[in-house]
Amino acid sequence: MSFEYIKIGKEEKEFISKIEDISGQNLYACYQCGKCTAGCSFSNQMDLTVNQVIHRLQLGQKEKVLSAKSPWVCASCLTCTVRCPRDIDVAAIMESVREYILRYEPERIERMKVTGEKAKNLPNIALVGSFRKNTEL
Amino acid sequence: MKYSYFPGCNLKTNAKEYEHTAVEVSKILDAELVEMPVFNCCGTVHSMASDNTMRRIAPVRILSRSEEHQKELEDTNNTVVTLCSMCSSTLKVVNEEVKEDEEMLQKINWQLERDNLKYSGHSEVKHYLEILRDEVGFEEIVKKVKKQLKGMKVASYYGCMLLHPDKAKIDDSETPTVMETLTLALGAEVVDWPYFKTCCGSYHVVDKEDIVNNQILKITEGAKKRGANAIITACPLCAYNLDSQQVFLQKKGIIKETIPIFYFTQLMAIALGIKLENFEDHHVDPKPLLKSLGLI
Ligand code: SF4
Ligand code: SF4
């Protein structure tokens with residue numbers, strides 16, 4: 001069994017309120033029922049499940065959240081949002097983590113590298129959607 | 001009746017048949033889609049960041065342009081109609097947002113001023129499926145059917161954006177029926193299946209194809225297992241992912257059989273007696289199925 005000290009100091013609180021500002025959601029409304037994770041089609045590909053992301057956010061654990069793959073695996077399908085029993089816009093919280101990162105590091109996908117046959121055939125909405133989610137441009 | 005129709009980008013590129021069949025069908029049903037003379041991309045995905053006004057400008061610009069268009073049309077109402085479900089969801093969400101938040105609407109209208117545009121906040125956004133259900137009515141469609149789609153076993157794939165979020169849903173988000181009822185109206189068989197709104201992976205096809213392939217495998221195998229011989233959709237991105245990635249999975253030897261993907265309007269066109277000739281948007285060839293059922 002391992003233990004971890006949890007510190008909620010100034011830095012943690014600032015992170016929490018930034019995420020709440022961007023998402024417009026109250027992180028503490030979440031009571032960790034796990035319904036969001038249960039309904040997410042991509043849970044099996046996430047390193048932190050959706051409710052775990054929210055839990056880490058509640059604790060202000062910035063490093064853990066910012067290094068997680070999960071927000072980038074999320075496809076913004078919004079199933080979690082329509083199902084949350086606490087009426088939290090869960091997908092907006094996932095988006096706020098992406099946004100937080102993109103505001104410092106604006107290109108998560110190198111647009112110029114999407115080339116070749118495949119890029120030619122891709123639907124516009126795939127490209128626009130991907131660039132909107134993976135860049136701050 | 002005429003509607004101000006916003007095509008979005010994809011209906012002009014790799015979903016041309018979706019647009020063509022929808023427009024033809026709309027004439028027969030006297031619920032005609034008339035294209036807006038000027039339009040721009042809606043941005044595909046709505047921003048969920050509460051503080052990002054910039055990404056809400058494009059959808060409002062479309063709404064304001066549609067209002068101009070509505071003034072020119074005779075026999076219309078305050079509706080802008082879409083076919084792409086991503087456009088539908090994005091426009092609906094932003095429309096509701098600016099209706100609720102006057103300050104945001106004002107800010108966006110300032111941005112539109114230089115184009116002499118202004119959105120009043122009085123338009124409604126509807127997906128064409130809603131028009132078919134609520135304004136044309138399925139009884140009317142049944143009356144216009146010339147060729148029953150006997151032998152077609154159709155799995156309706158809603159994907160996410162027709163049903164999510166609440167501001168944008170066109171039907172009950174957990175048990176929708178609009179596409180199934182339409183299927184019955186056309187004389188085809190409805191396949192009951194659990195993957196009707198399992199996300200296809202969406203824009204991840206650009207850089208995380210594995211994620212998409214996983215989903216496509218689940219969805220298409222799920223449809224075949226329940227006896228479907230066709231999947232219908234309303235979204236050019238769902239259609240592309242379902243269609244192109246099946247071919248990919250088949251080449252890799254992961255699946256043997258493929259299942260053709262149609263836009264709901266293509267099936268309507270066949271049933272209403274419009275001759276379908278162009279299948280170039282398809283990756284899985286739908287002709288063998290349609291020929292075997294005597295539908296083309
Ligand atoms: S469904 Fe809502 S309340 Fe339940 S864990 Fe997820 S975010 Fe929290
Ligand atoms: S919006 Fe993202 S986190 Fe929520 S269910 Fe869909 S993929 Fe999962």
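First the proteins, then the strands, lettered A, B, ... as listed; each starts at 1.
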So what's closer than 4.5 Å to chain A heavy atoms on [X]: side chain, backbone, both or neither?
X: B/Ser47; value: both
X: B/Cys84; value: side chain
X: B/His46; value: both
X: B/Asn14; value: side chain
X: B/Lys218; value: side chain
X: B/Cys200; value: neither

With a 3.5 Å cut-off and no angle check, do the side chains of B/Asn214 and B/Asp210 form a donor-acceptor pair?
->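 B/Asp210 and B/Asn214 do not have a side-chain donor-acceptor pair below 3.5 Å.
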Answer with yes or no whether the side chains of A/Lys62 and A/Tyr100 bring together a donor and an acceptor at under 3.5 Å.
-> yes
Looking at [options], which has the largest count of heavy-atom pairs under 4.5 Å with chain B?
options: A/Arg98, A/Arg83, A/Glu99, A/Gln25; answer: A/Arg83
options: A/Cys40, A/Gly39, A/Ser96, A/Ala92; answer: A/Ala92
options: A/Asn44, A/Thr81, A/Ile93, A/Ile109; answer: A/Ile109

Is [X] salt-bridged to [Y], going by a charged N under 4.0 Å from an acidic O?
X: B/Glu97; Y: B/Lys92; result: no
X: B/Arg56; Y: B/Asp101; result: no
X: B/Glu174; Y: B/Lys197; result: yes
X: B/Glu221; Y: B/Lys225; result: no

Given B/Met86 and B/Cys235, is the side-chain contact (heavy atoms from CB on, under 4.5 Å) satisfied, shown in steps?
-> CA-CA 7 Å; B/Met86 297 195 81; B/Cys235 174; 4.0 Å; yes
For A/Cys80, is it the side chain, the backbone, both or neither that has a heavy atom under 4.5 Å from a heavy atom of chain B?
-> neither
Contact part of A/Arg108 toward chain B, heavy-atom cut-off under 4.5 Å: side chain, backbone, both or neither?
-> neither
